[in-house]
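Keep in mind the model is a prediction, meaning the values are calculated, not measured. Just so it is clear, the values below take in all heavy atoms, side chains as well, and ignore hydrogens, waters and symmetry mates.
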Amino acid sequence: MHIPDGFLDPKTWIGCSAITVAMLSAAVRRTKEKLAEKQVPLMGVMAAFIFAAQMINFPIIGGTSGHLVGGVLAAVLFGPFSASIIMTVILLIQCFLFNDGGVTALGANILNMGIIAPFLGYAVYNALRGVGNVIASFFAAWVSVVAAAAACALELAVSGTSPLGVALPAMLFWHLFIGVGEGVITAAVVGYLERVKSDLLTEIVKV
Amino acid sequence: MRKEIWIGLVAALIIAGILSPFASPNPDGLEKVAETKGFIDKGEGKEVVRAPIPDYVMPGLASEGVATAFAGITGTVVTFVAAYGIGRLVQRRKAADSKG
């Protein structure tokens, strides 16, 4: 779902970048207050794991593929503010080292996958926690991908790249399926951590 | 939590270094929409910077599988160091603030 250079017009990418910068500075302030020192290495591991997992495109129907975004996985384990910082690091490296996502689209890509996905997903996760961590993370992850895809379609439409009536249903259609993959992977990792009674689920200060 | 650090890092390196060459080469959701809705060409040749490892293929290696694996391992290590470093930076600023 990484938007390349050329898909967004200047008003859209500048607008998205401004929102992203404002949100990230809030995230840094919050994280600075609450982040426990011992979990800093774990944030590095989480970022590395999500980067690696994002490389694994899985096939869905119709000759299309998808890969993990990871925003909800990071949010469930570390909280949404920390997750947005983790996702930003990943997206920066993907952009500047691997040309995955354009430089001009970086603000929009962080907004979609690094802010909307973890924050909305985390809200869904919290609302559903009563039914158990695994099921809650599955649905949260699914919602996060569908919402990020909708945001992407909106940005394409505002840019005049593809009308909303065309881009939105098309993006939603594919990401309804890709979101299932996101849900399965997220729920599998959370389920594994729960089964091995990992401290990650209990001792981490969620920011 | 030391155990989780090692398990997580090893898992990430295995995924990036061994599984990545077997990832699906099919277009992802956005690429597919761009292809079918006729705006994929808007992104052709518009890259603002030249990335050193474009499209997760390490330049100079004959086998694409090996080149992808090396790109994956490189990215995983760089991401770990960067996220760890930024975390430490935020921590240090907190310590400095509370002293001052």
Proximal component of [X], with respect to chain B [non-hydrogen, under 4.5 Å]:
| X | value |
| --- | --- |
| A:L97 | both |
| A:I50 | neither |
| A:M43 | backbone |
| A:I178 | side chain |
| A:I60 | neither |
| A:V89 | side chain |

Q. For A:A47, does its backbone N or O pair with a side-chain atom of B:T79 as donor and acceptor, under 3.5 Å?
A. no
Q) Ignoring hydrogens and geometry, is there a side-chain-to-backbone donor-acceptor pair from B:K32 to A:G62 under 3.5 Å? A) yes
Option in [options] with maximal non-hydrogen atom pairs under 4.5 Å from chain A:
| options | answer |
| --- | --- |
| B:A71, B:A34, B:A16, B:G75 | B:G75 |
| B:P27, B:P54, B:G87 | B:P27 |
| B:I40, B:D28, B:V81 | B:D28 |
| B:G38, B:G17, B:A23, B:S24 | B:S24 |

When [options] are compared by non-hydrogen pairs under 4.5 Å with chain B, the top option:
| options | answer |
| --- | --- |
| A:N99, A:N57, A:V196 | A:N57 |
| A:A52, A:P4, A:A167 | A:A52 |
| A:F49, A:F173, A:F58, A:F7 | A:F7 |
| A:V166, A:D100, A:T161 | A:T161 |
| A:H175, A:H67, A:M1, A:M171 | A:M171 |
| A:P41, A:S82, A:S198 | A:P41 |

Specify the closest pair of heavy atoms between [X] and [Y], including all atoms of both residues, with the distance to one decimal.
| X | Y | value |
| --- | --- | --- |
| A:V103 | B:V48 | CB-CB, 4.1 Å |
| B:P52 | A:F96 | CD-O, 3.2 Å |
| A:L42 | B:E4 | CD2-CB, 4.1 Å |
| B:F80 | A:A48 | CB-CB, 3.9 Å |
| A:P59 | B:N26 | CB-ND2, 4.4 Å |
| B:K46 | A:D5 | O-CB, 3.2 Å |

Quick check for you: to the nearest 0.5 Å, what is the distance between [X] atom [atom1] and [Y] atom [atom2]?
| X | Y | atom1 | atom2 | result |
| --- | --- | --- | --- | --- |
| A:I93 | B:I53 | CD1 | CD1 | 10.5 Å |
| B:K42 | A:L8 | NZ | CG | 10.5 Å |
| B:I15 | A:Q54 | CD1 | CD | 11.5 Å |
| A:K38 | B:R2 | NZ | CZ | 13.0 Å |

Q) Given A:L156 and B:V33, is the side chain to side chain contact (heavy atoms under 4.5 Å, CB included) satisfied, shown in steps? A) CA-CA 11 Å; A:L156 294 171; B:V33 171; 5.6 Å; no
Q: Answer whether the closest heavy-atom distance between the side chains of B:I7 and A:Y192 falls below 4.5 Å.
A: yes
Q: Determine whether A:T88 and B:I86 make a side-chain contact, defined as any pair of heavy atoms from C-beta on separated by less than 4.5 Å.
A: no
Kindly check if the number of other-residue, nucleotide or ligand heavy atoms within 6.0 Å of [atom1] ([X]) is above 12?
| X | atom1 | result |
| --- | --- | --- |
| B:E64 | CD | no |
| B:F70 | CZ | no |
| A:F139 | CZ | no |

Q: Would you mind checking which part of B:T36 comes under 4.5 Å of any heavy atom in chain A, side chain (CB onward), backbone (N, CA, C, O), both or neither?
A: neither
Q. Going through the distances and angles, do A:M55 and B:T68 end up as a side chain to side chain contact (heavy atoms under 4.5 Å, CB included)?
A. CA-CA 9 Å; A:M55 285 187 77; B:T68 301; 4.0 Å; yes
**Q.** Aromatic ring pairing A:F51/B:Y56, orientation class (parallel under 30°, perpendicular over 60°, tilted between)
**A.** tilted
